[in-house]
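Throughout, a chain's letter reflects where its sequence line sits, starting with A, and its residues are numbered from 1.
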Protein chains: 2
Amino acid sequence: MMSEISRNGATGGGQPGRIGIGLELDEIHMKILEVLRENGRISVAALAERVGISRANAYTRFEALRADGAIKRFTAEIDHVRTGLGITALIFVTVRQQMWKQFRAELARMPEVEYCAITTGQHDAMIQVRVSDVAAVHTMVTDRLANIPAVKATETVFILDEVLKRPYVLPSDRDQAARAQRRPTPETQGDVPLGKMRFVGAAEGRAALRKDT
Amino acid sequence: MMSEISRNGATGGGQPGRIGIGLELDEIHMKILEVLRENGRISVAALAERVGISRANAYTRFEALRADGAIKRFTAEIDHVRTGLGITALIFVTVRQQMWKQFRAELARMPEVEYCAITTGQHDAMIQVRVSDVAAVHTMVTDRLANIPAVKATETVFILDEVLKRPYVLPSDRDQAARAQRRPTPETQGDVPLGKMRFVGAAEGRAALRKDT
DNA sequence: GTTGAAATTAGTACGAA
DNA sequence: TTCGTACTAATTTCAAC
């Protein structure tokens, strides 16, 4: 039902961290992942053909990727609107320090939470919830989250539209985007003042896009 | 590579909207989705057994769910750290009104973007990116996003840890959480001041959890 | 909506390159 | 390692109930 997933170690960049433990991923492994993220139910035989290796090899690599953990699981993407959970919201949570364990434990008891990440910045965590109506969001925030001592404050935002959702990003995508990257002149930074990445004041002229709460 | 997905219509709650078009989802359909989101590669035969229906019935329903769009696709969940994309960041974007089309078009050209949602609140959109190191985030924001005229401002936040990621939330989960919901007293709102859901000031005593930019 | 049997396909094992 | 083949087991299809 729930799953602990890899720590990022956002300081990263330097040490290889957990990378390299287990098998080395070559180009063919990446190709396999590429196919599998688009069609998780493809047969290994068809996979072998699309990647250009023998069936036996495909079975070996497929199993290796699974055993190594590079492939964590296979899943079905579901249309939430069709299943009656058409409302999606993001709740930014400020957590009392040293009460993280409790916060995590409570999260596990909330099935409407699809995703939770610990973030830098103004808040400590972001959770994404899927519910049937806007009232359920309010209930969730005021009744359930508010009852967790670890939660100091929240800020809720509704998702109006999910524009893009890629199955899973892979490094090989970068290569395909190489040409897309060649644009007028990289030096010309346009008219957008983005020197610092954080806390660029961004509250102006967006009176629209606001229909709730 | 990219996929347009369902509009939420956050006003929701009232009209059934797109729900009901196509097939009615009964309890068994939900059970099927439940199994499939956890194990997208299970055989239909095994699925039938776990759900408690005949194989022929399972095939019929499986195909119906696929055709109807309730199941959008099957995908493999990949360990990003193992594939070399260990850094995850959220970029909140303020978009110039009436330049949304351009913004979306540019998004499609950025393979490092895994997710993009249009939100209410302080910003207009949130995008999630996966890259190999923190420098790549900076490059992405200053070189690529800054060059899009539609982008007025951005605010970047790093994800330090992904605590929870459910394959896909279903309404049936709510039922299982019914008992979890029974807690001391729902009226006792604890010590958290959460009357309004939005813009509860949340900048205090979180000096830690900050290692970047 | 179910069961059971045929046809097809998937998964395994092993020797050769 | 990877490939090709033969073998075994399982799945999917299609029929009748």
Task: Protein-nucleotide distance (Glu49(B), atom CD; dT11(D), atom C1'), rounded to Å - done: 13 Å
TODO: Round to a whole Å and report the spacing from CD1 of Ile42(B) to P of dA10(C).
DONE: 18 Å
TODO: Whole angstrom is fine here: how far is it from CZ in Arg41(A) over to P in dT9(C)?
DONE: 16 Å
TODO: Run through Glu112(A), His138(A), His80(A) and flag the one making a side chain to side chain contact (heavy atoms under 4.5 Å, CB included) with Val131(A).
DONE: Glu112(A)
- [ ] Using whole Å, report how far CZ of Phe62(A) lies from P of dA10(C).
- [x] 13 Å
Task: Value in whole Å for how far the C1' atom of dG4(C) lies from OH of Tyr59(B) - done: 14 Å
Task: Spacing of Leu47(B) atom CG relative to dT11(D) atom P, expressed in whole Å - done: 12 Å
Open item on the list: Between Thr60(B) and Ser43(A), which residue's closest nucleotide on DNA chain C lies nearer the 5′ terminus?
Closed with: Thr60(B)
Open item on the list: Can you list, in residue-number order, the parts of residues 50-58 of chain B that come under 4.0 Å of DNA chain C, counting heavy atoms only?
Closed with: Ser54(B), Arg55(B), Ala56(B), Asn57(B)
Open item on the list: Rounding to an integer number of Å, can you tell me how far Ile32(B) CD1 sits from dG1(C) P?
Closed with: 11 Å
Open item on the list: Using the rule given for side-chain contact (heavy atoms from CB on, under 4.5 Å), can you reason through Arg166(B) versus Val113(A), listing the C-alpha separation, both sets of side-chain angles and the distance that settles it, and then say yes or no?
Closed with: CA-CA 8 Å; Arg166(B) 295 220 174 82; Val113(A) 175; 3.9 Å; yes
Open item on the list: Between Glu34(A) and Lys31(A), does any NZ, NE, NH1 or NH2 come within less than 4.0 Å of an OD or OE carboxylate oxygen?
Closed with: no
Open item on the list: At 4.0 Å (heavy atoms only), tell me whether Arg61(A) reaches a base, stays on the sugar-phosphate, or touches nothing.
Closed with: sugar-phosphate
Open item on the list: Between Arg41(B) and Gly40(A) (side chain of the first, backbone of the second, donor and acceptor by atom type, cut-off under 3.5 Å), is there such a pair?
Closed with: yes
